[in-house]
Amino acid sequence: MKNITGKIKITLIAVLVLLLVGFVLFGVLGFNDTADFSDGYELNVGVEVNIGDASKILKETTDAYLSEKNVSYKGYALEKLDEGGTYVFKFKKDVSENISLDDLKTKIETAMQSSDILSGLEVSVNYFARKNLGNKNLWLLLSVGIALVAVFVYTLIMDKLSGATSLITVSVGSALLFFALMGITRIPLAEFFFPCMAVSAMLSAVFACGIIARCNEAFKNVGNDKKSYDSIADECTYSSLFRIAFISIALAVFGIAFIAIGPAYLRILGLQLIVADLCAVFTSYSFTGILWGKCKGLKKSRKTETKTQNN
Amino acid sequence: MKKNKAIILLSLVSLIMAFVLAMSFVKFTSGIKKYNSVIGAIDTDYDVSGGVSYTLTLNRENEKEVENVDDVLNVLDSRLNELGYKAYSLSAQKEVNDGVKDYSIRICVEDTDTVDSDIKAVSAYGTVKFFGGAEEDPSTEIMNEKQSVASAKYAGENAGSYLVEVVFTDYGYNALVEELDANSTYYLKLTLGDQTLLSGSISKDAINNKTIYINTGTEAAARQTAMQIRTGGLDYLYDVSDAVKVSPLMGENAALYAGLAVGILLVVAIAGMLVVYGGFGLIGSLSVLAFALIDACMMVAIPVIKVSAPAIIGIGLSLILCIDGLVLTVKRIREESANGKTVKAAVKTGYKRAFMPIINSNVIVLITALSILAFAKGALVGFGWTLLVGVVISFITNVLLSKMFTALILPLSANKEKFLKLKKAGE
């Protein structure tokens, strides 16, 4: 873990392969949108008053019926509507030819007969084609893009070109890696995709800040020998390992908490946070120091060339 | 700082924090007054705490067919945004039956005091028309050849009335002035479909810089009127159903589970710091706890913040940023101590060395938060707000509060190096 610059080729190849596979999968399969954020179809199975085991019977009977017809759904939600309740089963493709609403209604009513309080309840079964409003998250992409430019200018002033270049590169790299991993893992997107991508970029920038500050401090204390850049980068990155690990574990715990206790969409959020976390850790740890070192080395060799030309 | 003074101050600070912590969770009734807890008072949006649903059904009297329901959805989206709704669900659905051509539109939003009138306003049908004449209820249409209104916006409160500022275009202004010059008494009426938005007498004095002001009774009515004058009505007539309560988009009890997840993060971070850093862990834990309490209070105190699912990500990230600053500081202090400095000198230099990286990371997140607030739409605005507030509080916690706790806690320990788990080089 200490010899980061030595393993940079393997790391870079691994990242490029992941990016390539991820982008190809996105290109071929598209976004894995959840049913609430893309067009599709839905089967609404409801009862006028949600009492006793009514919602349980609705769900179990519908599950059994759809299974019998070999129809699988993308997701479902129980909507509590005033006194009643409706299960909404969501589909990406039209399944109306595979199911009979009348049959399903009859089965549910038969199942409700098992209880005196449920037997008289009115059951509704409807099937809809659904269009959802397009994703507004593209605005977030624009705002993060503008923020990246502003951050580049800020770090250029504070940490000079080497610091600014490495910080922006790892931030953008982390965001792209997040995009690619989402394509590979096929985790549903929902409305968290771009916020989690922004989290990945911001977190890698935060980690990179600490590494760059150490590198700049260490650089002041050693000579301008090219070899020193690599060893400075390795040492400073390694000394940040504990801090990065601590914060990464904290964010992972946040994500795991959502997965463990949350309803469906919050579990998706948890998964995305963990992926964002991994991307931020990987890119900042692997590339910040070496990019800083390469920029410093490039600047030094240009200065040497200019001096030689002047002489 | 002397030990006795440190004990007194630390006890005071701890009491204040304990009080705020208790008020964060405790609800009580005193006489006829009900006091909500801080956590309970946090304003949450539809996607995490549920709301109401309206169904817009195409009226049979519509003269034309809906060509593209996506256009209708986009218009409704921009109007809901203008009225201040952030996390809502907008969809069109139609029964998959032979002969059913039309989509009905379903709007799920947060249940506010004005939601009924807001939904009616966004789904109103018709075009904005001006009528003018010498009679009180004029019926002659004026200013109908070109666009007559340049802008309309809510202009604040004045003497109990809520104003809508309407700015005319050159064409609209000239047409109106021409009418006013030709009539000593003139009445102006502004309608949208069957709805009258403005009706009353008008004189040339009332127009200043091509602008007139419409008085309305409530802020909600003013915002609705401004939105309708600016954007007009829908091209199709929809019947609006009554409101029906619906569960949150993110799932049942989403707000509770999200709060629990933040709580778990807090507890795990505090436990981790206590185990790893010893005395510094105590300082860090108190700092993180102070951050969480101040952040919760700010969520309530700042009226524009509505906690939606993206906003919860902002809360989590700012908490992580705060913990990061503390870990960075402790690391620097340990390094200074390992270099041979005394505890006091190591603490001072450690804070100094950690200052710039903390500033840099906080500024980076601050820039991102401001950019999100400037350009993002819908529920993502909540993400920007919680991130902005969180990063400011995180910075104050890392730079000021943690120093305060260090100054209060360090004098209490006899063996500071052991208490802070500091090692010298060679140990």
Inset, instruction - State whether the number of non-hydrogen atoms from other residues, nucleotides or ligands found under 6.0 Å of Asn68(B) atom CG is greater than 12. - result: yes
Inset, instruction - Answer with side chain, backbone, both or neither: which region of Ala369(B) has an atom nearer than 4.5 Å to a non-hydrogen atom of chain A? - result: neither
Legend entry - Minimum heavy-atom distance Phe192(A)-Ala309(B), with the two atoms named: CE2-CB, 3.4 Å
Legend entry - Side chains of Phe242(A) and Val276(B) in contact at under 4.5 Å (non-hydrogen atoms): yes
Legend entry - Heavy-atom check, side chain of Glu217(A) versus side chain of Met356(B), under 4.5 Å: no
Legend entry - Heavy-atom closest pair, residues Leu380(B) and Pro195(A): CD2-CG, 3.5 Å
Legend entry - Contacting moiety of Ile212(A), where chain B heavy atoms sit under 4.5 Å: neither
Legend entry - Part of Ile312(B) within contact of chain A (heavy atom distance under 4.5 Å): both
Inset, instruction - Compare every heavy atom of Ile261(A) with every heavy atom of Leu260(B), then report the nearest pair and how far apart it is. - result: CB-CD1, 3.6 Å
Legend entry - Separation of Phe194(A) CZ from Phe383(B) CZ (nearest 0.5 Å): 12.5 Å
Legend entry - Which residues share a side chain to side chain donor-acceptor pair (under 3.5 Å) with Asp45(B), sequence neighbours left out: none
Legend entry - Atom pair CD1/CD1 of Ile168(A) and Ile364(B) - distance to nearest 0.5 Å: 7.5 Å
Inset, instruction - Give the member of Ala129(A), Ser171(A), Ala150(A), Cys209(A) that has the highest number of heavy-atom pairs under 4.5 Å with chain B. - result: Ala129(A)
Inset, instruction - Kindly compute the distance separating OH (Tyr127(A)) from NZ (Lys94(B)), expressed to the nearest 0.5 Å. - result: 12.0 Å
Inset, instruction - Mind checking the CG-CG spacing from Leu319(B) to Leu251(A)? Nearest 0.5 Å is all I need. - result: 10.0 Å
Inset, instruction - Let me know if Asn253(B) has heavy atoms under 4.5 Å from chain A in its side chain, its backbone, both or neither. - result: neither
Inset, instruction - Using non-hydrogen atoms and a 4.5 Å limit, figure out which bit of Ala269(B) sits close to chain A: side chain, backbone, both or neither. - result: backbone
Inset, instruction - Quick one: pull up CZ in Arg332(B) and CZ in Arg214(A) and give me the separation to the nearest 0.5 Å. - result: 4.5 Å
Legend entry - Nearest atoms (heavy-atom pairs only) where Ser143(A) meets Phe375(B): CB-CB, 3.7 Å
Legend entry - Flag side-chain contact, heavy atom, 4.5 Å: Ile247(A) against Ile320(B): yes
Legend entry - Structural part of Leu269(A) lying under 4.5 Å from a heavy atom of chain B: side chain
Legend entry - chain A contact via Val330(B) - which portion, at a heavy-atom distance below 4.5 Å: neither
Inset, instruction - Given side-chain contact (heavy atoms from CB on, under 4.5 Å), test Ile264(B) with Val253(A) step by step and report yes or no. - result: CA-CA 8 Å; Ile264(B) 289 168; Val253(A) 163; 4.0 Å; yes
Inset, instruction - Let me know if Leu256(B) has heavy atoms under 4.5 Å from chain A in its side chain, its backbone, both or neither. - result: neither
Legend entry - Top of Ile105(B), Leu265(B), Ile359(B) for chain A proximity - count of heavy-atom pairs under 4.5 angstrom: Leu265(B)
Inset, instruction - Flag the pair Val262(B) / Phe254(A) as yes when at least one side-chain heavy-atom distance between them is below 4.5 Å, and no otherwise. - result: yes
Inset, instruction - Measure Ala260(A) against the heavy atoms of chain B and call it side chain, backbone, both or neither at under 4.5 Å. - result: neither
Legend entry - For the student: nearest non-hydrogen atoms of Pro357(B) and Gly210(A), plus distance: CB-CA, 4.5 Å
Inset, instruction - Kindly give the heavy-atom pair with the smallest separation between Ser361(B) and Val206(A), and that separation in Å. - result: CB-CG2, 3.7 Å
Inset, instruction - Measure distances from Leu148(A) to the heavy atoms of chain B and classify the residue's part below 4.5 Å as side chain, backbone, both or neither. - result: neither
Legend entry - Region of Asp70(B) that comes under 4.5 Å of a non-hydrogen atom in chain A: side chain
Inset, instruction - Side chain from CB out, backbone as N, CA, C, O: work out which of these in Val268(B) comes under 4.5 Å of a heavy atom of chain A, or both, or neither. - result: side chain
Inset, instruction - Supply the atom-to-atom distance Tyr154(A) OH to Asn360(B) CG, rounded to the nearest 0.5 angstrom. - result: 4.0 Å
Legend entry - Side chain / backbone / both / neither for Val363(B) at chain A, heavy atoms under 4.5 Å: side chain
Legend entry - Contacting moiety of Val69(B), where chain A heavy atoms sit under 4.5 Å: side chain
